[in-house]
2 protein chains.
Amino acid sequence: MPLYLEDLSPGMVFRAGPVTVSEAEIIDFARRYDPQPFHTDPEAAKAHPIFQGLAASGWHTAALTMPMVIEAMRDLAGGVVGGGGELQWPRPVRAGDSLRVEIEALEVTPSRSRPDRGSVLWRNTTLNQHGEAVQVFTVRGVVPRRPGAGQG
Amino acid sequence: MPLYLEDLSPGMVFRAGPVTVSEAEIIDFARRYDPQPFHTDPEAAKAHPIFQGLAASGWHTAALTMPMVIEAMRDLAGGVVGGGGELQWPRPVRAGDSLRVEIEALEVTPSRSRPDRGSVLWRNTTLNQHGEAVQVFTVRGVVPRRPGAGQG
């Protein structure tokens with residue numbers, strides 16, 4: 001049963017995961033997309049004043065989170081489409097961390113101009129195995145209304 | 001010459017790119033990190049009401065942008081480290097698009113509690129070959145102060 005805008009309300013939570021990230025994956029992603037020593041070189045990373053050890057690129061955390069978001073929202077009509085939002089990385093992801101996602105609907109708003117859709121403000125929190133947030137993405141997504149709804 | 005906090009001021013702009021993204025890369029990234037038909041299947045994507053054709057995952061746009069940011073900021077002391085910010089994808093990235101980045105320093109603020117560092121609010125705009133923004137990331141980064149500065 002697909003989930004349409006009418007099926008969502010603030011406070012609903014969707015979950016998926018975990019996925020575990022290895023040192024090799026962290027280094028491999030960073031070599032291609034974020035080639036800086038604190039993401040690619042475990043020895044050099046130890047000396048970094050902020051990271052103090054190898055840390056995954058924030059973009060890697062985002063990329064690892066997205067398949068879990070899709071899994072959690074697999075019944076959502078129209079797929080997971082967002083135009084952007086507020087992205088925070090409060091803590092680094094380390095080799096061996098096991099990540100999961102919790103997605104909460106914060107606001108559900110029918111479109112005034114487009115009767116076939118609405119917007120949902122989601123907060124997607126990526127948590128590590130200690131229950132600590134490593135990423136929080138607060139994102140407004142487009143969700144279709146149930147076909148025939150809102151037509152009068 | 002490394003760039004320290006003292007060397008930065010609002011309005012300074014740094015640039016890098018372009019990089020061109022292929023259909024194969026868009027599909028390859030999306031299969032791994034954002035497996036939805038509008039990112040992985042050019043035929044299915046044509047029917048999507050918003051994308052109307054194959055579009056890169058926003059996370060792919062972010063990942064492609066980051067090496068350009070590192071290149072543009074290669075002289076920045078301490079590397080490119082950010083704790084998050086406001087991320088927007090105003091337009092999709094299409095196969096064959098050629099992307100470049102423009103990074104503007106918006107605010108430069110010495111830390112009150114840590115004399116060895118400060119924060120810079122950056123706006124990193126990823127532009128396509130038509131000069132249209134495909135991603136805007138407004139991010140606060142940590143930048144070291146020149147060693148010895150602010151000590152007396």
Side-chain angles (χ1 to χ4, degrees), chain A residues 19 25 28-40 44-45 48-51 55 57-71 73-74 76-92 114 116-117 133-142 144, chain B residues 19 25 28-40 44-45 48-51 55 57-71 73-74 76-92 114 116-117 133-142 144:
Chain A
V19 295
E25 283 176 277
D28 184 57
F29 186 97
R31 280 187 180 152
R32 184 158 183 181
Y33 295 119
D34 196 345
Q36 304 192 88
F38 36 91
H39 297 318
T40 61
H48 192 275
I50 294 170
F51 290 121
S57 168
W59 302 115
H60 193 190
T61 304
L64 289 167
T65 296
M66 190 64 190
M68 291 193 284
V69 173
I70 295 169
E71 166 64 15
M73 305 312 298
R74 61 193 175 277
L76 189 67
V80 179
V81 180
E86 175 68 23
L87 178 65
Q88 294 294 333
W89 296 300
R91 249 175 228 89
R114 301 289 301 258
D116 63 341
R117 64 184 70 169
V134 294
Q135 179 179 288
V136 182
F137 188 40
T138 308
V139 53
R140 196 168 287 281
V142 177
Chain B
V19 296
E25 284 176 277
D28 184 57
F29 186 98
R31 280 187 179 152
R32 185 158 181 182
Y33 295 119
D34 196 346
Q36 303 192 89
F38 36 91
H39 297 318
T40 60
H48 192 275
I50 294 170
F51 290 120
S57 168
W59 302 115
H60 193 189
T61 304
L64 289 167
T65 296
M66 190 63 189
M68 293 192 284
V69 172
I70 294 169
E71 167 65 16
M73 305 311 298
R74 62 191 175 279
L76 189 67
V80 179
V81 179
E86 175 68 25
L87 179 64
Q88 294 294 334
W89 296 300
R91 248 175 229 89
R114 300 290 301 260
D116 63 341
R117 64 184 69 169
V134 294
Q135 179 178 288
V136 182
F137 187 40
T138 308
V139 53
R140 195 169 287 281
V142 177

To the nearest 0.5 Å, atom CH2 of B:Trp59 lies from atom CE of A:Met66 at 8.0 Å
Between B:Arg32, B:Glu86, B:His48, which has the largest tally of heavy atom pairs under 4.5 Å with chain A? B:Glu86
dist A:Thr40:OG1 -> A:Phe29:CZ (nearest 0.5 Å) comes out at 13.5 Å
Residues 134-142 of chain B vs chain A, non-hydrogen distance cutoff under 4.5 Å, contacting residues -> B:Phe137, B:Val142
Greatest number of heavy atom pairs closer than 4.5 Å to chain B - which of A:Ser57, A:Gly85, A:Gly78: A:Gly85
Which answer fits B:Trp89, side chain, backbone, both or neither, if we ask what part of it has an atom under 4.5 Å from a heavy atom of chain A? both
If you count heavy-atom pairs under 4.5 Å with chain B, which of A:Gly79, A:Ala63, A:Pro67 comes out on top? A:Ala63
Using 0.5 Å steps for rounding, measure from the CD atom of B:Gln36 to the CD1 atom of A:Ile70. 4.0 Å
Straight-line distance of B:His39 NE2 to B:His60 NE2, nearest 0.5 Å: 11.0 Å
For B:Thr65, enumerate each residue passing the side-chain hydrogen bond (donor to acceptor under 3.5 Å, both in side chains) test, keeping only those at least two apart in sequence or located in another chain. B:Thr126
Closer than 3.5 angstrom, by distance alone: can the side chain of A:Arg74 be matched with the main-chain N or O of A:Glu71 as a donor-acceptor pair? yes
Non-hydrogen atoms of chain B under 4.5 Å away: do they reach the side chain of A:Leu87, the backbone, both or neither? both
A:Ala77 and A:Pro144: which non-hydrogen atoms are nearest, and at how many Å? O-CD, 3.0 Å
Determine the minimum heavy-atom distance between A:Ala55 and A:Pro92, stating which atoms define it. CB-CB, 3.8 Å
